[in-house]
Visitor: 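Here you go, one structure.
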There are 2 protein chains.
Amino acid sequence: MTNKTYGQLCPIARSLDILGDRWTLLLIREFLLGPKRFKELLAILPAMGTNRLSERLAMLVQNGIIQQVARTPSSLPAYELTDLGEQLRKPILALGSWGLKLPIDERIDPTSARAELIALCLTSAGDPKASAGLREAYEFQVDAEVFHIQVNDGSLLARSGPSAEPVAVRVQCDMATFLALVQGQDTPARALREGDIKLLLGDRQAFTRMFKVLEYKP
Amino acid sequence: MTNKTYGQLCPIARSLDILGDRWTLLLIREFLLGPKRFKELLAILPAMGTNRLSERLAMLVQNGIIQQVARTPSSLPAYELTDLGEQLRKPILALGSWGLKLPIDERIDPTSARAELIALCLTSAGDPKASAGLREAYEFQVDAEVFHIQVNDGSLLARSGPSAEPVAVRVQCDMATFLALVQGQDTPARALREGDIKLLLGDRQAFTRMFKVLEYKP
DNA sequence: CCGGATCCGTAACGATACTG
DNA sequence: CAGTATCGTTACGGATCCGG
């Protein structure tokens, strides 16, 4: 939406004054999955170009949405969400939850698929009651991707990489299987039986519980 | 974000392929408050220009977010949200709820203030438990604006105009008082005592309950 | 090489005039 | 009243170049 502001005394318009420019919300989407470096972001969103990317990052830093941090042992710099930025999780995932329903037209590049982006949106689509009182983690390996979902009494948090805490379930599958499951064209029971999903850790009861917690009803 | 799509198989990106262009989310914001005509929208968002406005409306119709309807007795055409569009209430209000926290800088035009836009965002900022089991309506008259909030067991729905159903509370105040209350610079009790708010209908108990249901904690 | 900054052609926006 | 047409201005997208 350009750096021109709407200039309206409306909370939605003021949010969009910061978040409304092209690419901005997709950048925050990436940060919702964890800290990322300039080069990683550029690899994911190459059409931004280095100039646009550095522009947006500087703007988000200035508005207190992200901050630069040194990442673990090697001090390679990265960007991550501030508390204010983390509070965007709810609205952005709500938007993604809405987007799950949308038809996938021919302009979508299927090779751009990343399971963690779908999983991220699933963490807001389900019913919080399905995980009330539950506290555990699930880890996914989809093709070369690794990500996990931390469940904590009704709240679900998806992040890239392996889980820091012990996981109740670890599964492995390919992208086609993952998409078929999300789109309801396949069932967890069938995929497990046929070997399309491998249960690397956890028992069948936990496996079933995981899909119940994540259940998405189109 | 232009009619160019991101082309990513990501629910957030697909949502933004439809909603990401400049002005689009502000249009939907207006429809969340009720049906509106071309001319009314243009009066609210004059910087769009007639061409941009008709472009966006056509795009939203094509994507099934809004539809054209004939408004009550006189058959003046108007646009209103479809079911799919109405489902955007949650994500957009979540964004507005986040925006309530943002500082109001000098680029904001104070004369653009509309109480119903603030109230709209407040309907998503509070705790649903505060209105669990409650079913009633509140009506507001802020300067020349009239709008109402329908409470229904944890869900709050703000709309322009008077309430179709009987209201539990009807209040009247000016914009300065409304903003001071929302920003926590004034309290309902003081405003009522000093006559800054007039309680046109309902008792003090209902008045207090209303503010509890709507309570916004910065 | 990584994180940027500079430059430039193209596409979207903002304003106004015009039409059914 | 509800749009279309036109046009100057601004942002985007892609490539190239700079400093550590």
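Proteins come first, then strands; the chains are lettered A, B, ... in the order of their sequence lines, and each starts at number 1.
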Visitor: To the nearest Å, give me how far apart NZ (K36(B)) and P (dC1(D)) are.
Guide: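 After rounding, the reported distance stands at 17 Å.
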Visitor: Send over the distance from R56(B) CZ to dG3(D) P, rounded to a whole Å.
Guide: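 Answer to the nearest Å: 15 Å.
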Visitor: According to ring pair (Phe, Tyr, Trp, His ring centres under 6.0 Å), does anything in residues 147-182 of chain B pair up with another residue at least two apart or in another chain? List the pairs.
Guide: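 Residue pairs with at least one partner in residues 147-182 of chain B: F140(B)-F147(B).
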Visitor: To the nearest Å, give me how far apart CZ (R52(B)) and C1' (dA15(C)) are.
Guide: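 These atoms are roughly 10 Å apart.
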Visitor: Take atom CG of L27(B) and atom P of dC13(C), then tell me their distance rounded to the nearest Å.
Guide: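 Interatomic distance, CG of L27(B) to P of dC13(C): 12 Å.
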Visitor: Residues in side-chain contact (heavy atoms from CB on, under 4.5 Å) with D127(A), at least two apart?
Guide: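 D127(A) satisfies side-chain contact (heavy atoms from CB on, under 4.5 Å) with K129(A) once adjacent residues are dropped.
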Visitor: Measure from the side-chain N and O atoms of W98(A) to the backbone N and O of R89(B), and report whether any donor-acceptor pair falls under 3.5 Å.
Guide: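 No; zero donor-acceptor contacts below 3.5 Å.
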Visitor: Rounded to whole Å, how long is the line connecting atom CG of L53(A) with atom P of dG14(D)?
Guide: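 For the pair L53(A) CG and dG14(D) P, the rounded distance is 14 Å.
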Visitor: Can you check the R22(B) CZ to dC12(D) P distance for me, whole Å?
Guide: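 Those two atoms, CZ and P, are 10 Å apart.
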Visitor: Measure from the side-chain N and O atoms of R114(A) to the backbone N and O of E145(A), and report whether any donor-acceptor pair falls under 3.5 Å.
Guide: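 Such a contact is absent between R114(A) side chain and E145(A) backbone.
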Visitor: Nearest whole Å is fine: how far is dG13(D) P from D21(A) CG?
Guide: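 Answer to the nearest Å: 11 Å.
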Visitor: What does the list of N/O pairs under 3.5 Å between the protein and nucleotides 1-5 of chain C look like, with a distance for each?
Guide:
unit_1	atom_1	unit_2	atom_2	d
dC2(C)	OP1	K39(A)	NZ	2.1
dC2(C)	OP2	K39(A)	NZ	3.0
dG3(C)	OP1	R37(A)	NE	3.1
dG3(C)	OP2	K39(A)	N	2.9
dG4(C)	OP2	Y79(A)	OH	2.9
dA5(C)	N6	T50(A)	OG1	2.5

Visitor: Hey, are R159(B) and E139(B) close enough for a salt bridge, meaning a charged N less than 4.0 Å from a carboxylate O?
Guide: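 A salt bridge is absent here (no side-chain N lies under 4.0 Å from a carboxylate O).
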Visitor: Please report, rounded to the nearest Å, how far the C1' atom of dC13(C) is from the CE atom of M59(B).
Guide: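 From M59(B) CE to dC13(C) C1': 14 Å.
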